[in-house]
Each structure stands twice: as structure tokens, then as C-alpha cells.
Amino acid sequence: MEHILEVKDLQTSFLTSSGEVKAVRGVSFFVNKGESVGIVGESGSGKSVTSLSVMQLLVGTGKIIGGSVKLNGRELVGLSPKEMRSIRGKEVAMIFQDPMTSLNPLIPVGEQVGEMLWSHDKSLSKAQREERVIDLFRMVRIPEPETRLKSFPHEFSGGMRQRVMIAMALACKPDLLIADEPTTALDVSIQDQILKLMRSIQKEMGMSIMFITHDLGVVAELCSRVLVMYGGLIMEEANIYDVFENPLHPYTMGLIASIPDINQDKSKKLQPIIGSPPDMVHPPEGCPFAPRCPYACRICLHQLPPVFSAGEGHKSRCWLLAGDAPSSGNPLKGRKGAKE
Ligand code: SF4
């Protein structure tokens, strides 16, 4: 399989008045051509900083302090802002949670999408741009595209604005689309429509998608492989089936237990993961999930677990997979890839 994106040992920090926030602490993964990969975790897990590092869009004091990000085989770390501008849009594009912050409220939406086309191809005439924008609006199922391209962002609903953002991201046919919580601000039925739209566009265009979300349920709709992040690290990596049927990390198990089930008895409460994410200025020396983990033992508090391979691309960073892990009370006991 051809890797569109290859990230190796990525480390990203922010300098704050309280010290260095180690937001991403050595993350490695890849995205294959045409594949959709979900990055899941709570806020502060490092998932959004990972995507912004790939895009080289870190703001403020954010800085990549180590590692490598290769897109189509080309190293992005260290490229100049001008070089990155020519890659963004064309090879990799991003959509965010709140389209209003990315759209200019004073310019008609069609013109904004047209500008994106023009920034990468100056030979396009105004009429050609307009024609392409209409095609893009059709692709993202915006009704009456010929009329709507003259509308301003505030004249669209939240779901329609997100469709405009998707059209803008697709304008230059990127190889990789990064979507950072694109449906979080939308109500459930609109969220479902946007996910369906992204799935059909991905099939049509054959592009790769990196989908960032706090909601494991949303990932199940779109992604074939999942990376679960916590404390700036990837804690588990597996295909979507194994993540739900054979999770090998207590944090993943906690995320699954907190997904609302529409068929569930309403009197039964969801099980949130008790506790808060770690302080990333002073990350714990052991497993970052240890203070919240019901299975933590002595080694978890003092030593960061290594990445254990459980076969067929399934990996987990948990001491419960170690050869000498205790059997009694071990929730992973007997699972595929775990010790007997
Ligand atoms: Fe829990 Fe220990 Fe596994 Fe961390 S390494 S998830 S603390 S059992």
C-alpha cells in the first residue's frame, strides 16, 4: 500500500508562562492512499495538535521540536511558509469544526471557493472559476448552486456552511483531507448527512481522509482504521472492527463505554471516564492514563508502557499486554492478541 502520509516520532510543544506544554510526545503513524483514518481522543489528547503539525499550521508558540512528517514522500518539517502554501490546498486540505471562523463573512461563498481555485491556477478565467464552483457545490449537494454561490456565509445554515468548507477543501483535489471535528457543532441528523457526504466523496475521488474527533461512534461511520490518543501519545491503533470487538487498552474501553447507544434503556446511565487528562507541562513518568485507570498497577505509575504488537496492525501501549502481566483481574485476558 502506498503511504500518502508518514509521520515518525512527531513531537510538538508550546511554550507557556507555566512551562513547556508537551502536546505531542513522539507519535508515529501513516495514512494509505484512499484510506480513512480516525484519530480519537478527549480534548488535550494531542489529536488536533497532531493534525495542525501535519498542516504546519501551529499558532502562537507551537513548534515541532522533533520527528518527521512526509507527504507524498516529501518532508514537510522545515519547509518555508511559501513552500507550505503551495502544498496546502493542492496536496493536503483541512476542514475545521466551525466554518464561520474559516469563511470571510463579507465575501459571497462562491467567490471564496473561486479564490481557492485561482490561488493554485492563475490561468482560470472568472467564468471558468464560476463553473468549477458550481460543479463543486453540486458535488457537496448544495441545492441551486447557481444562485447559492452569490450568498454570504450568514445566509447558510451550519450544515450548509460546512458543505461550503468541504467544497473549498476539495477545490484543488487534494490527496489528503484532514477533517478536525467537522460535525461536532452540528445536530445529529445534519452530522449524519455530512458524514455520508464525506464517505461518498471519498469513494468518488479516491482521496485519503484523516478524521479527528472525540467521538469514537463518529469514527465508526467513516474510518477503516483508528488511532486512539491520550496524553500526547497513541495508546492504541487498530482497524475499526478490532477497536470495537477486541479493544486492547483500558482507555479505548472507556471511550466505547461512553458512546450513547440509541437502543439503550434510557434509565441506564452512560459511563463517563472519571478524572481529568494529565498535566502536559509535567506529564506523568509512567502511563499517562494511570491516574484514571481502574487496572493500574505499580509499574504503570513509574514506567511508560512500550508499544505492544497484537498482530495484524493492532498495537497497544498498555502494561496489561506484557508477558508477565498478572492474569487475575486483567480485563484483556483471553482477548485476541493478548496473553492467555
Ligand atoms: Fe492502565 Fe497500566 Fe494499561 Fe496504563 S499501562 S492503561 S495504567 S493498565
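Atoms considered below: every heavy atom in the structure, side chains included; atoms not considered: hydrogens, waters and symmetry mates. Counting starts at 1 for both ligands and their atoms, in listed order. None of these values were measured; they are calculated from a predicted model.
- Here is the list of ligand 1 atoms found below 4.0 Å of a heavy atom in Cys300: 2 (Fe), 5 (S), 7 (S), 8 (S).
- Within the 4.5 Å cutoff, no side-chain heavy atoms of Glu237 are placed close to those of Val228.
- At least one cation-pi condition fails for Arg163 and Phe137: the charged atom is not both under 6.0 angstrom from the six-membered ring centre and inside a 45 degree cone around its axis.
- In the vicinity of Leu320, heavy-atom distances shorter than 4.0 Å reach the ligand 1 atoms 8 (S).
- At the shortest separation from atom 6 (S) of ligand 1 among protein heavy atoms lies His249 CE1, 3.4 Å.
- Residue, atom and distance of the protein heavy atom nearest to atom 4 (Fe) of ligand 1 are Cys287 SG, 2.4 Å.
- A cation-pi arrangement is absent between Arg292 and Tyr251, since the terminal nitrogen or guanidinium carbon is not both under 6.0 Å from the aromatic centre and inside a 45° cone about the axis.
- If you check which protein heavy atom lies closest to atom 5 (S) of ligand 1, you get Trp319 N, 3.2 Å.
- Residue contacts with ligand 1 for Ala290 involve both N, CA, C or O and side-chain atoms from C-beta outward (heavy atoms, distance under 4.0 Å).
- For ligand 1 and Ala296, the ligand atoms under 4.0 Å from any heavy atom of the residue are 7 (S).
- Gln11 places no side-chain N or O within 3.5 Å of a backbone atom of Val24 that could act as its donor or acceptor partner.
- Checked by atom type and distance alone, the side chain of Asn246 pairs as donor or acceptor with a backbone atom of Lys336 at under 3.5 Å.
- Classified by interplanar angle (parallel below 30°, tilted 30° to 60°, perpendicular above 60°), the ring pair Phe289/Tyr230 is perpendicular.
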Might you work through the side-chain hydrogen bond (donor to acceptor under 3.5 Å, both in side chains) test for Glu35 and Ser208, ending with a clear yes or no?
-> CA-CA 5 Å; Glu35 188 186 30; Ser208 311; over 6 Å; no
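- Of all the atoms in ligand 1, the ones that sit under 4.0 Å from a non-hydrogen atom of Tyr295 are 8 (S).
- Of all protein heavy atoms, the one closest to atom 3 (Fe) of ligand 1 is Cys318 SG, 2.3 Å.
- For ligand 1, the atoms sitting less than 4.0 Å from at least one non-hydrogen atom of Cys293 are 1 (Fe), 6 (S), 7 (S), 8 (S), numbered in the order shown with element in parentheses.
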